[in-house]
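What you see below is based on every heavy atom in this structure, not just the backbone, and it leaves out hydrogens, waters and symmetry mates. Starting from 1, each residue takes its place in the sequence as its number. Just so it is clear, the structure is predicted and the values come from calculations on it, not from any experiment.
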Amino acid sequence: MSAFIYSLGLWFYKLLISLVAWVNPKAELFIRGRKNVWQSLEDQVAVNTSPLLWVHCSSVGEYEQGRPVMEAFKNEFSDFKILVTFYSPSGYEAVSTDAIVNFKTYLPFDSKTNANRFLDLVKPEIAIFIKYEFWYFFLKELYRRDLPVYSVSSIFRPSQLFFKFYGGFYRNILKNISYFFVQDKNSSDLLNSLNLPNLVSGDTRIDRVLDIRNNNKSLPVIEMFVGDEVVMVIGSMRKEDLDIVIQFVIQHRDLKFIIAPHEIIDSMIMPLEERLNSTVRYSEFKNTDLAQQVLIIDNIGMLSTLYRYAHY
């Protein structure tokens, strides 16, 4: 019965997204991107003869957490190809295939039929799910096929359904995972209470940020804006953060700020411009804007590289 309710909830969610797609560009991209997912997989993976690692990320932030793991894995097992799937359009659009990521696609909607079709086509030998991704039918089918599945950089809180007395269905989802590499001891303690195997390994996004810093990739506009000033980078800012961020910026005129909104939409950017009197968008930056206090990043995919310019 719980699986039926889960499936029904996903069906209504898909219906809602389809309706919202008429007026919301992100929802429209979410739906449109999945229309050709099977053909995309056929074109990319069907002819692959190498062993394959499947890594699933919700969005670009989770991809940044998964990237150090993929690089380390590829260094150790160079004969493997890597397929990365995304739930969110922002992740899919921001990431390109390269020497590490051989294939990419959207994750099909979670259902028994889709999980079987996906695994029959992809034939992964190992699967890695990053952070919060726990899809019932995909994980159940991976377990049924006796394929190793690892949850990387996962983090848990007592308030999650897994740890409620009525959360048995969701606890059973976790039992399909072979091993958890969690960010902190609190997460480990929660998993230990369910007798689930785990290791505290930290947040792999830190590894990614340090690696990007050491690669010394240059962003000329950012370097011009930063100059010799002390800089705070605020990444993936959401609407709920706006009031706090604006107040903090006003109180710290001695700092420069680089702010990357979670979504590049006017409702995220315009409040910053209206309430702060010293802002400029990255796409409009000119030499005459060097004195501005706040640089607003109005594109996707740059955030991880920005961190190397941050004092905070």
Answer yes or no for R171 and F134: cation-pi contact, defined as NZ/CZ to six-membered ring centre under 6.0 Å and angle to ring axis within 45°.
no

Is Y150 close to V69 at the side-chain level, that is, under 4.5 Å between some pair of heavy atoms?
no

Going through the checks in order, is the side-chain contact (heavy atoms from CB on, under 4.5 Å) test met by L10 and W135?
CA-CA 11 Å; L10 287 180; W135 296 104; 4.1 Å; yes

Least distance between heavy atoms, E125 atom then P148 atom
O-CD, 3.3 Å

Paired with F180, the side-chain contact (heavy atoms from CB on, under 4.5 Å) test is passed by just one of S188, S154, S201, namely S154

D184 and S187: side-chain donor and acceptor closer than 3.5 Å?
yes

Answer whether the closest heavy-atom distance between the side chains of Q293 and R253 falls below 4.5 Å.
yes

Side-chain donor or acceptor of Q160 paired with backbone N/O of R157 under 3.5 Å
yes

May I ask you to test the L107-N114 pair for a side-chain heavy-atom distance under 4.5 Å?
no

Would you confirm whether the ring centroid of W54 sits within less than 6.0 angstrom of the ring centroid of F129?
yes

When rounded to the nearest 0.5 Å, the distance separating NZ of K123 from CG of L121 is 6.5 Å

CG of D110 to NZ of K14: how many Å apart, nearest 0.5 Å?
12.0 Å

Rounded to the nearest 0.5 Å, how far apart are CG of D289 and CD of E284?
8.5 Å

Please collect all side-chain hydrogen bond (donor to acceptor under 3.5 Å, both in side chains) contacts where either partner lies in residues 66-77, sequence neighbours excluded, each pair once.
Y63-R67, R67-E71, R67-D98, K74-N102

Looking at R145 and D120, is there a salt bridge between them, counting it only when a charged N and a carboxylate O are closer than 4.0 Å?
yes

Examine V47 and L83 and state if one hydrophobic cluster contains both, with Ile, Leu, Val, Met, Phe, Trp and Tyr joined whenever side-chain heavy atoms are less than 4.5 Å apart.
no

Donor-acceptor contact below 3.5 Å, side chain D203 vs main chain Q183
no

Flag, side chain of Y309 to backbone of L219, donor-acceptor distance under 3.5 Å
yes

Please give me the minimum heavy-atom distance between N198 and L196, naming the atom from each residue.
ND2-O, 2.9 Å

Return yes when atom CD1 of I244 has more than 12 non-hydrogen atoms of other residues, nucleotides or ligands closer than 6.0 Å, and no otherwise.
no

So Y136 and F169, would you call those rings parallel, tilted or perpendicular, with 30° and 60° as cut-offs?
tilted

Say you draw a straight line from CG of D241 to CD1 of I246; how long is it, rounded to the nearest 0.5 Å?
10.5 Å

With hydrophobic residues grouped by side-chain heavy-atom distances under 4.5 Å, do L194 and I155 end up in a single group?
no

Specify the closest pair of heavy atoms between R281 and L295, including all atoms of both residues, with the distance to one decimal.
C-CD1, 4.1 Å

If two hydrophobic side chains count as joined below 4.5 Å and joins carry through other members, does Y143 share a cluster with L174?
no

Assigning hydrophobic clusters by single linkage (Ile, Leu, Val, Met, Phe, Trp, Tyr; side-chain heavy-atom cutoff under 4.5 Å), is I234 placed with M270?
no

Mind checking whether L52 and F103 have side chains closer than 4.5 Å, heavy atoms only?
yes

Measure the CD1-OG distance between I206 and S153 for me, rounded to the nearest 0.5 Å.
9.5 Å

Under the side-chain contact (heavy atoms from CB on, under 4.5 Å) rule, what do Q65 and K131 come out as? Steps first, then yes or no, please.
CA-CA 8 Å; Q65 289 176 300; K131 198 173 181 178; 3.5 Å; yes

Under 3.5 Å, sequence neighbours excluded: what are the donor-acceptor pairs made by side chains of residues 256-269?
{"unit_1": "K256", "atom_1": "NZ", "unit_2": "F225", "atom_2": "O", "d": "2.7"}
{"unit_1": "K256", "atom_1": "NZ", "unit_2": "L290", "atom_2": "O", "d": "2.5"}
{"unit_1": "H262", "atom_1": "ND1", "unit_2": "S236", "atom_2": "OG", "d": "2.8"}
{"unit_1": "H262", "atom_1": "NE2", "unit_2": "R238", "atom_2": "NH2", "d": "3.4"}
{"unit_1": "S267", "atom_1": "OG", "unit_2": "K239", "atom_2": "NZ", "d": "3.3"}

With a 4.5 Å cut-off on side-chain heavy atoms, are P108 and W38 touching?
yes

Nearest heavy-atom neighbours spanning S40 and Q44:
OG-NE2, 2.8 Å

Are the side chain of K104 and the backbone N or O of V95 linked by a donor-acceptor pair below 3.5 Å?
yes

Can you see which heavy atom on N116 is nearest to which on R144, and at what distance?
OD1-NH2, 4.1 Å

According to a hydrophobic-cluster definition based on side-chain heavy atoms being under 4.5 Å apart (Ile, Leu, Val, Met, Phe, Trp, Tyr only), do Y132 and Y179 belong together?
no

Side-chain heavy atoms of L142 within contact of N176, under 4.5 Å
no

Where do M302 and Y282 land on the side-chain contact (heavy atoms from CB on, under 4.5 Å) test, with the steps shown first?
CA-CA 11 Å; M302 184 182 288; Y282 178 86; 3.4 Å; yes

Any sub-3.5 Å donor-acceptor pair from S178's side-chain atoms to V149's backbone N or O?
yes

Can a donor-acceptor pair be found between the side chains of Q247 and D243 at a distance below 3.5 Å?
no

Hey, does E223 have a side-chain heavy atom less than 4.5 Å from the side chain of S218?
yes

Without swapping roles, check the side chain of T204 against the backbone of D207 for a donor-acceptor pair under 3.5 Å.
no

side-chain contact (heavy atoms from CB on, under 4.5 Å), that's the test. Do M237 and L242 meet it? Break it down for me.
CA-CA 7 Å; M237 185 194 70; L242 273 169; 3.5 Å; yes

How many angstroms lie between atom CG of L255 and atom CE of M232, to the nearest 0.5 angstrom?
6.5 Å

How about F73 and V55: do any of their side-chain heavy atoms sit closer than 4.5 Å?
no

Compare every heavy atom of L119 with every heavy atom of P124, then report the nearest pair and how far apart it is.
CG-CD2, 3.8 Å

